[in-house]
Amino acid sequence: MEANADYTQDATVDFRGHPALSSKTGKWKACAFLVGYEAFERMAFYGVASNLVNYLTSQLHEDTVSSVRNVNNWSGSVWITPILGACIADSYLGRFWTFTLSSLIYVLGMTLLTVAVSLKSLRPTCSNGICNKASTSQIAFFYTALYTMAIGAGGTKPNISTLGADQFDDFNPNEKELKASFFNWWMFTSFLGAFVASLGLVYIQENLGWGLGYGIPTAGLMLSLLIFYIGTPIYRHKVRTTTTPARDLLRVPIAAFRNRKLQLPTDPSHLYEHNLQHYVTTGKRQFYHTPALRFLDKAAIKEDSVGSKRVPLTVTQVEGSKLIFGMALIWLVTLIPSTIWAQINTLFVKQGTTLDRNLGPHFRIPSASLGSFVTLSMLLSVPMYDRFFVPFMRQKTGHPRGITLLQRLGIGFSIQIIAIAIAYAVEVRRMHVISANHVAGPKDIVPMSIFWLMPQYVLIGIADVFNAIGLLEFFYDQSPEDMQSLGTTFFTSGIGVGNFLNSFLVTMVDKISGRGDKKSWIGDNLNDSHLDYYYGFLLVMSSINLVVFLWVSSRYIYKRESIRVKESLCVQMEGNPTLDASLSLQV
């Protein structure tokens with residue numbers, strides 16, 4: 001036992017497949033290499049996303065609705081392709097190799113994109129102030145580069161954060177305490193990369209050239225990959241204990257339907273389950289029975305009750321499926337908040353182009369740079385949340401995280417509603433100033449400072465500290481161990497579908513509101529549109545969604561699993577007994 005004392009207790013291995021040494025692998029020293037990549041990758045992504053709508057309208061000469069739709073469709077793809085990357089990682093290649101291969105595709109996409117914005121032959125030409133539309137080949141090259149980047153993101157996004165979380169041993173109390181803060185500081189580095197992009201790269205793109213503005217993050221991304229590979233010897237890797245972990249999502253409901261006419265035992269202990277030694281030997285975690293979705297329990301009715309030789313599924317398999325289905329309900333109520341978040345890189349930016357952006361006689365603020373206030377508020381709020389809010393609430397509630405994960409989401413969604421309400425009020429004022437000063441032309445600058453938009457950006461940033469980090473941690477924490485890469489794609493796909501939803505809403509609202517001779521809410525000329533109506537529409541939807549979220553979260557049942565202690569057969573509940581033992585969120 002002395003010889004094994006320095007090995008990790010969660011069965012992780014090093015790069016060579018040997019049991020990982022606790023003192024020489026993992027923890028924050030390994031994460032330091034991972035967060036370096038994350039910061040540069042976020043800088044690259046937001047360096048493109050923050051100002052893409054302006055590039056499409058000013059360089060490729062797309063109209064407002066088309067540019068907003070194309071930005072949302074691309075952003076949606078970036079956030080939804082991780083589903084495929086997670087499936088490949090969980091079932092075939094593992095997190096490290098899926099990330100490694102995908103990161104090369106990501107760099108290829110960024111390189112092609114830099115070429116697309118740098119070469120004159122790949123951009124439309126202008127003569128005497130009149131610009132041609134982009135040719136088919138120019139559009140094809142540009143969007144091929146964009147979507148190559150999206151494919152690469154599919155393999156990097158779900159695996160880099162989970163690989164980081166894998167560096168902490170859940171069975172080591174000291175490392176488990178460090179892991180409680182991991183996602184806060186992980187997202188802090190992500191926000192740092194986004195801050196540099198929205199403040200520095202956007203300015204470079206509009207004043208020094210798009211090629212330089214895209215070339216810098218491309219070079220940074222290549223450097224970060226080199227840093228990532230240097231850390232390879234000290235990374236910990238979780239061994240896949242099953243080849244197709246997601247198949248239970250189909251097997252459980254099918255087995256339950258097959259046994260639909262059978263009577264469930266009144267005592268859940270009569271359902272089929274492996275003995276504890278099985279889980280100790282295989283390195284898997286055992287889930288305890290919960291009262292949610294009782295119909296699925298029929299998949300675990302024992303063989304003698306069925307009178308068949310077919311081996312039933314275990315309670316652990318059934319509970320794993322219940323977790324995914326429960327998370328899916330939470331996922332559904334995150335789509336509207338993701339739609340609100342999508343405004344940052346689309347309509348908020350276009351709204352900013354109509355306002356007075358001068359800061360002194362010689363400096364003009366790029367409209368997309370106001371997005372830096374989102375990330376700046378995040379950067380300031382994360383340390384305050386982790387160092388002050390969590391310890392204060394921990395004393396009040398006794399919960400290790402201060403508040404439950406779903407309570408954290410609820411607070412974030414509420415702040416976001418306040419943000420969109422302020423956006424609506426500011427737009428109403430902008431329309432009033434337009435009317436009072438008769439500046440309704442498409443290129444007229446409204447005599448109103450762009451800093452009027454700052455509160456909505458700042459509040460969305462504060463909200464993201466609660467809901468963006470909370471969602472990532474929630475979906476990782478609540479996923480079955482074999483499906484944690486897939487589980488985190490609930491977070492990324494929610495943002496992706498939110499972007500697609502925003503694209504759909506913008507298109508439909510433009511078509512419906514602009515019928516006949518009516519004025520479109522989202523026209524090419526925002527000075528002669530009704531963007532305030534659209535923001536009001538989002539405000540109503542967000543308020544209704546919050547009510548639905550409170551109802552769904554109050555019925556959510558948290559994961560209950562065993563923690564195996566290697567040297568014995570001791571088992572305890574995962575989670576804090578004072579809050580999670582009740583198995584439901586009280587809101």
Side-chain angles (χ1 to χ4, degrees), residues 49 72-73 75-83 86 153 157-158 161-162 183-184 186-187 190-191 322-346 374 378 401 403-420 459-479 483-505 537-559 584-585 587:
N72 282 320
N73 288 342
S75 296
S77 299
V78 168
W79 290 105
I80 210 165
T81 50
I83 294 176
K157 196 61 190 168
S161 58
T162 48
F183 285 104
N184 288 333
W186 176 263
M187 292 298 284
S190 177
F191 299 153
K322 286 183 183 180
L323 281 172
I324 299 297
F325 294 139
M327 288 160 57
L329 291 177
I330 299 297
W331 178 84
L332 287 173
V333 291
T334 68
L335 299 183
I336 298 300
S338 294
T339 301
I340 303 301
W341 185 84
Q343 309 309 314
I344 296 173
N345 296 326
T346 52
V374 174
M378 291 175 179
R401 294 184 175 96
I403 55 176
T404 67
L405 293 171
L406 290 177
Q407 287 170 337
R408 182 174 186 171
L409 297 184
I411 293 172
F413 294 160
S414 300
I415 297 173
Q416 205 176 55
I417 289 175
I418 298 173
I420 199 64
L459 283 174
I460 286 182
I462 295 172
D464 268 4
V465 172
F466 286 89
N467 55 27
I469 302 175
L471 279 171
L472 180 59
E473 185 174 3
F474 173 78
F475 289 129
Y476 175 87
D477 182 78
Q478 293 297 295
S479 299
M483 291 190 282
Q484 283 178 322
S485 289
L486 184 62
T488 55
T489 63
F490 275 99
F491 167 67
T492 59
S493 63
I495 297 175
V497 174
N499 277 276
F500 287 130
L501 180 59
N502 187 52
S503 177
F504 171 78
L505 290 175
F537 171 63
L538 292 179
L539 176 61
V540 172
M541 284 207 309
S542 299
S543 301
I544 294 172
N545 185 77
L546 179 62
V547 174
V548 177
F549 168 78
L550 295 176
W551 181 81
V552 171
S553 61
S554 67
R555 285 154 179 77
Y556 181 81
I557 296 180
Y558 284 96
K559 178 167 69 175
S584 65
L585 170 70
V587 290

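- Heavy atoms only, all atoms of each residue included: Thr81 and Ala153 are closest at OG1-C, 4.3 Å.
- In this structure, CD1 in Ile403 is found 6.0 Å from CZ in Phe466, a value given to the nearest 0.5 Å.
- Under the 3.5 Å distance criterion, the side-chain polar atoms of Ser503 are left unmatched by any main-chain donor or acceptor of Asn499.
- Here the straight-line distance linking atom OG of Ser414 with atom CG of Leu550 works out to 7.0 Å at 0.5 Å rounding.
- Here the CD1-CG distance, from Ile340 to Leu538, works out to 4.5 Å after rounding to the nearest 0.5 Å.
- Between Phe537 and Leu505, the shortest heavy-atom contact is CE2-CD2, 4.0 Å.
- For the atom pair CD of Gln478 and CG of Leu406, the computed distance is 7.5 Å after rounding to the nearest 0.5 Å.
- Leu472 places a side-chain heavy atom less than 4.5 Å from the side chain of Ser161.
- At least one side-chain heavy atom of Phe413 sits under 4.5 Å from a side-chain heavy atom of Thr334.
- Not one N or O on the side chain of Arg408 forms a donor-acceptor pair closer than 3.5 Å with the backbone of Leu471.
- Judged by distance alone, the side chain of Ser338 and the main-chain N or O of Gly494 form a donor-acceptor pair under 3.5 Å.
- In terms of modelled atom types and a separation under 3.5 Å, the side chain of Ser190 and the main chain of Trp186 share no donor-acceptor contact.
- The aromatic rings of Phe475 and Phe490 sit parallel to each other, their planes meeting at less than 30°, with 60° as the upper class boundary.
- Ile417 is listed as a side-chain neighbour of Leu539, based on a closest heavy-atom distance under 4.5 Å.
- Counting only heavy atoms from C-beta outward, the side chains of Thr492 and Pro158 never approach each other to under 4.5 Å.
- Within the model, atoms CG of Leu323 and CD1 of Ile557 stand 9.5 Å from one another, a figure rounded to the nearest 0.5 Å.
- In this structure, Ile495 and Lys157 have side chains that are not in contact, with every pair of non-hydrogen atoms separated by 4.5 Å or more.
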*Go through the steps for Gln416 and Asn545 under the test side-chain contact (heavy atoms from CB on, under 4.5 Å), then give the verdict.*
CA-CA 12 Å; Gln416 205 176 55; Asn545 185 77; over 6 Å; no
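- Side-chain contact check for Leu329 versus Tyr556: every heavy-atom pair is 4.5 Å or farther apart.
- Met327 has its side chain within reach of Phe474: a pair of non-hydrogen atoms, C-beta onward, lies under 4.5 Å apart.
- The two residues Ile80 and Ser493 make their nearest non-hydrogen contact at CG1-CB, 4.0 Å.
- Looking at every heavy atom in both residues, Leu409 comes nearest to Phe549 through CB-CZ, 3.7 Å.
- Here the CG-CG distance, from Asn72 to Asn502, works out to 4.5 Å after rounding to the nearest 0.5 Å.
- Across all their heavy atoms, Ile330 and Val552 have their closest contact at CD1-CG1, 3.8 Å.
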